[in-house]
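One structure is given here, and the rest of the page talks about it.
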Amino acid sequence: MSSSRQRTLGSGGQHVLDYLKRMQSENPAFFYAVQGDSDHSGGSIFWADAPARMNYSYFGDTVIFDTTYRTNRYKVPFASLTGLNHHGQPVLFGCAIMLNESESSFVWLLQTWLHAMSGRSPVSMTTDPDGLIQIAVSQVFPGTRHRFCKSGMFRETKEKLAHIYQSHPTFELEIKKCINETETIDEFESCWAAVLERYYLTDNEWLLSIYNARQQWVPVYLRNSFFGDLSLPERSEGLDAYFGSYINASTTIQVLLKQYEKAVSSWHEKELKADYDTTNSTPTLKTPSPMEKQAAAVYTRRIFMKFQEELVETLANPATKIEDLGTVSTYRVAKFGEDHKAHTVSFNSFEMKASCSCQMFEYSGIICRHILAVFRPKNVLTLPSQYILKRWTRDAKSGAVPEDRILEAPNDSRESLSVRYNNLRQEAIKYVEEGAKSIHVYYVALEALQEAAKKVAAVKGKSSGASQEGNMANGDSQELHQAGDNQIGQTETVGEKEKRIRELSAALESTNQRCEVYRTNLLAILKDMEDQKLKLSVKVQNARLSLKE
């Protein structure tokens with residue numbers, strides 16, 4: 001268990017606070033909080049921008065709490081909370097500078113983050129194997145499945161057993177194979193015991209301690225909970241997938257915020273590109289199955305590729321019925337030549353539900369080859385709706401914030417402005433994303449945004465007089481940052497309301513400019529496609545001439 005440790009940012013602390021105050025003044029949905037310390041020199045700092053809070057409403061089912069700085073001796077104790085978007089890419093939910101590494105500080109951070117995310121706990125959370133963090137997670141998220149990062153466990157094992165790794169080079173390979181490749185609990189238990197006995201480590205205290213914690217880090221014990229693991233390129237085995245290439249041990253506080261902005265911008269661009277690829281390219285189908293065609297139309301491109309891999313594998317994994325109890329049938333599914341690795345699938349034909357011993361769907365949200373193999377003889381031609389998680393689909397971010405999540409938001413005036421801002425922003429983003437898909441739609445979206453800007457400007461003049469008569473809507477207050485456990489509200493004045501209208505008008509203008517950028521980029525892409533088609537046509541023509549000769 002790590003001990004408590006106090007850090008300080010010195011003058012850099014004020015630099016961070018000035019940045020956060022400026023960001024909140026520019027965007028009322030930007031949230032930040034400072035722990036306890038009156039002069040902000042020793043208290044931890046947390047922040048989450050509007051996109052991070054909105055992303056959590058769509059992808060907040062599984063969360064990674066990254067405290068890599070604690071093991072890499074970072075100059076700046078920077079931590080992040082991230083998840084996975086509908087392409088399997090890292091997505092940001094919030095950041096923190098942990099000046100006070102105590103149990104109470106971790107509890108404060110997680111409670112503050114939970115408040116910023118409207119009080120909705122994640123299904124699962126992955127953290128470094130740390131005693132203080134474990135206590136904080138269990139206290140703040142009692143119903144959340146907590147997992148230790150596997151790479152963190154491997155790292156600590158290599159440090160504790162350095163002499164074994166040096167004298168027995170094969171030990172690392174065997175222990176990783178035992179952890180990563182065993183498919184049942186019995187298989188893991190047997191394999192673990194065999195490895196320890198082979199290397200005379202049955203009495204090793206460290207291995208005994210991590211074995212006792214196996215339910216929190218060995219995959220076979222965690223497969224009944226959703227963690228979104230898909231083995232995609234962007235899915236780092238470690239915790240630092242989001243900021244790993246932007247922040248390192250030499251990063252100073254002055255550079256940190258610039259690198260933070262670069263990382264956010266870069267991942268946003270990667271998501272836009274993945275959205276574009278999904279919308280504007282057609283995947284190659286490998287089977288005549290209508291289910292594959294359905295999945296290609298529903299899933300994002302990269303998630304479809306994962307599903308397609310499972311579907312194709314059904315050809316080598318036949319299903320054999322071993323029990324039939326009316327509406328419920330049980331099948332044994334195994335790959336040709338690997339009967340010893342068979343999986344059991346139970347299928348309820350009345351409810352169109354299936355469960356597999358591999359629990360891939362529960363763990364990743366993608367249906368496994370074993371259930372798909374059973375669907376074949378049961379004549380299930382398309383995916384039942386319960387096996388299509390919206391978070392993996394093209395429409396994962398469609399519509400405003402889901403109604404049930406809005407109702408879960410804190411019911412006070414400080415949050416209402418944030419909710420309205422997020423909804424307006426999301427609607428504007430839809431125009432940007434849709435408008436970038438074609439020139440025709442671009443002009444329609446641009447005209448709609450320009451018309452909206454005129455209406456907002458017209459309302460601006462009317463709202464001033466109405467405000468003086470006290471007819472403003474309820475809940476129009478500034479969202480302020482939290483200092484320790486205290487929150488101070490301030491009623492928004494007429495001037496502040498007018499400022500908000502000007503900011504929204506500026507946001508619409510900014511959206512127009514972004515549309516123009518996307519249009520330019522799309523035109524360049526289309527021109528490049530035409531050039532490629534022309535070159536291909538020339539090559540085909542030359543090939544035909546060569547054949548004639």
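For the 3.5 Å distance criterion, the side chains of Ser44 and Trp108 fail to qualify, holding no donor opposite an acceptor. Side-chain contact annotation: His87 with Asp275, donor-acceptor N/O pair under 3.5 Å present. Counting only N and O atoms by type, the side chains of Gln89 and Glu271 include no donor and acceptor under 3.5 Å apart. A donor atom on one side chain and an acceptor atom on the other are found under 3.5 Å apart for Tyr246 and Ser266. A donor-acceptor contact under 3.5 angstrom links the side chains of Asn100 and Ser102, judged on distance only. Checked by atom type, the side-chain pair His146/Thr127 shows a donor-acceptor distance below 3.5 Å. Side-chain polar atoms of Asn180 and Lys150 form a donor-acceptor pair below 3.5 angstrom. Side-chain atoms of Glu197 and Thr202 include no donor-acceptor pair closer than 3.5 Å.
Applying the ring pair (Phe, Tyr, Trp, His ring centres under 6.0 Å) criterion to Tyr199, with sequence neighbours excluded, gives His168, Phe171. Residues passing the ring pair (Phe, Tyr, Trp, His ring centres under 6.0 Å) test with Phe106: none are found, sequence neighbours excluded. Residues meeting the salt bridge (charged side-chain N to carboxylate O under 4.0 Å, His left out) test with Glu310, sequence neighbours left out: Arg369. Remark: Ser124 pairs with Thr62 by the side chain to side chain donor-acceptor pair (under 3.5 Å) rule, at least two apart or across chains. For Phe304, there are no ring pair (Phe, Tyr, Trp, His ring centres under 6.0 Å) partners two or more places apart in sequence or in a different chain. Taking the side chain to side chain donor-acceptor pair (under 3.5 Å) definition, one finds that Thr314 meets it with Arg376, sequence neighbours left out. Under the side chain to side chain donor-acceptor pair (under 3.5 Å) criterion, Asp61 pairs with Arg391, not counting sequence neighbours. Applying the side chain to side chain donor-acceptor pair (under 3.5 Å) test to Thr300 and every residue at least two apart in sequence or in another chain returns nothing. Applying the ring pair (Phe, Tyr, Trp, His ring centres under 6.0 Å) test to Tyr363 and every residue at least two apart in sequence or in another chain returns Phe227.
Around CE of Met305, the count of heavy atoms belonging to other residues, nucleotides or ligands within 6.0 Å does not exceed 12.
In this structure, the side chain of Arg145 does not engage the main chain of Val123 through any donor-acceptor pair within 3.5 Å. A donor-acceptor contact shorter than 3.5 Å links the side chain of Arg53 to the backbone of Ala116. When atom types are taken as modelled, the side chain of Trp217 and the backbone of Pro129 share no donor-acceptor pair closer than 3.5 angstrom. Here the side chain of Gln24 pairs a donor or acceptor atom with the backbone of Phe30 at under 3.5 angstrom. At distances below 3.5 Å, not a single donor-acceptor pair connects side-chain atoms of Tyr387 with backbone N or O atoms of Phe361. Judged purely by atom type and a 3.5 angstrom limit, Thr344 has no side-chain atom pairing as donor or acceptor with the backbone of Ser357. Although no hydrogens or angles enter the test, the distance criterion places a donor-acceptor pair under 3.5 Å between the side chain of Arg301 and the main chain of Ser281. Under the 3.5 Å distance criterion, the side-chain polar atoms of Asn27 are matched with a main-chain donor or acceptor of Ala29. When atom types are taken as modelled, the side chain of Glu174 and the backbone of Val195 share no donor-acceptor pair closer than 3.5 angstrom. Distance alone, capped at 3.5 Å, is enough to place a donor-acceptor pair between the Asn85 side chain and the Gly88 backbone.
The minimum heavy-atom distance linking Gly152 with Asp128 is given by the pair CA-OD1, 4.0 Å. Scanning both residues, Met291 and Phe307, for their nearest heavy atoms gives CG-CZ, 3.9 Å. Closest heavy-atom contact between Ala52 and Gly94: CB-N, 4.3 Å. Pairing each heavy atom of Val107 with each of Gln139, the nearest pair is CG1-NE2, 3.7 Å. Across Trp392 and Ser364, no two heavy atoms sit closer than the pair NE1-O, 2.9 Å. Between Tyr221 and Ile185, the shortest heavy-atom contact is OH-CG2, 3.5 Å.
Tyr299 places none of its side-chain heavy atoms less than 4.5 Å from the side chain of Arg394. Counting heavy atoms from C-beta on, the side chains of Met98 and Ser105 come closer than 4.5 Å. Using a 4.5 Å heavy-atom cutoff, the side chains of Leu114 and Thr112 are not in contact. No side-chain heavy atom of Phe243 sits less than 4.5 Å from a side-chain heavy atom of Gln259.
Rounded to the nearest 0.5 Å, atoms CD (Gln35) and CD1 (Ile45) are 10.5 Å apart. Between atom CG of residue Leu389 and atom CD1 of residue Ile367 there is a gap of 10.5 Å, rounded to the nearest 0.5 Å. Interatomic distance, CZ of Phe78 versus CD1 of Ile247, reported as 4.0 Å (0.5 Å rounding). For the atom pair CG (Leu272) and CH2 (Trp267), the distance works out to 13.0 Å, reported to the nearest 0.5 Å. For the atom pair Asn317 CG and Arg332 CZ, the distance stands at 11.5 Å (nearest 0.5 Å). Within the model, atoms CG of Leu311 and CD1 of Ile366 stand 12.0 Å from one another, a figure rounded to the nearest 0.5 Å.
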> Can you list the steps and then say if Ile179 with Phe154 is a side chain to side chain contact (heavy atoms under 4.5 Å, CB included)?
Replying inline: CA-CA 10 Å; Ile179 293 164; Phe154 286 144; 3.4 Å; yes

>> Let's go through Leu257 and His15 carefully: what are the C-alpha distance in whole Å and the side-chain angles of both, what is the deciding distance for side chain to side chain contact (heavy atoms under 4.5 Å, CB included) to 0.1 Å, and is it a yes or a no?
In response: CA-CA 10 Å; Leu257 297 177; His15 176 73; 3.9 Å; yes

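Arg22 and Asp18 are not joined by a salt bridge, as no carboxylate oxygen comes within less than 4.0 angstrom of a charged side-chain nitrogen. Here Lys176 pairs with Glu172 in a salt bridge; the nearest charged N to carboxylate O distance falls below 4.0 Å. Taking the charged nitrogens against the carboxylate oxygens, Asp229 and Arg147 do have a contact shorter than 4.0 Å, which makes a salt bridge.
Within the structure, no pair that satisfies the salt bridge (charged side-chain N to carboxylate O under 4.0 Å, His left out) test touches residues 249-264, not counting sequence neighbours. Counting only residues at least two apart or in different chains, salt bridge (charged side-chain N to carboxylate O under 4.0 Å, His left out) contacts with residues 88-97 are absent. Within the structure, salt bridge (charged side-chain N to carboxylate O under 4.0 Å, His left out) pairs that include any residue of residues 182-196 comprise Glu189-Arg214 (at least two apart or interchain).
Checking Phe46, Trp47, Tyr32 one by one against Cys95, the side chain to side chain contact (heavy atoms under 4.5 Å, CB included) holds for a single residue, Trp47.
Annotation: Tyr56 is in aromatic contact with Trp113 [ring centroid separation under 6.0 Å].
Cation-pi geometry between Lys353 and Phe347 is not met at under 6.0 angstrom from the ring centre and within 45 degrees of the axis.
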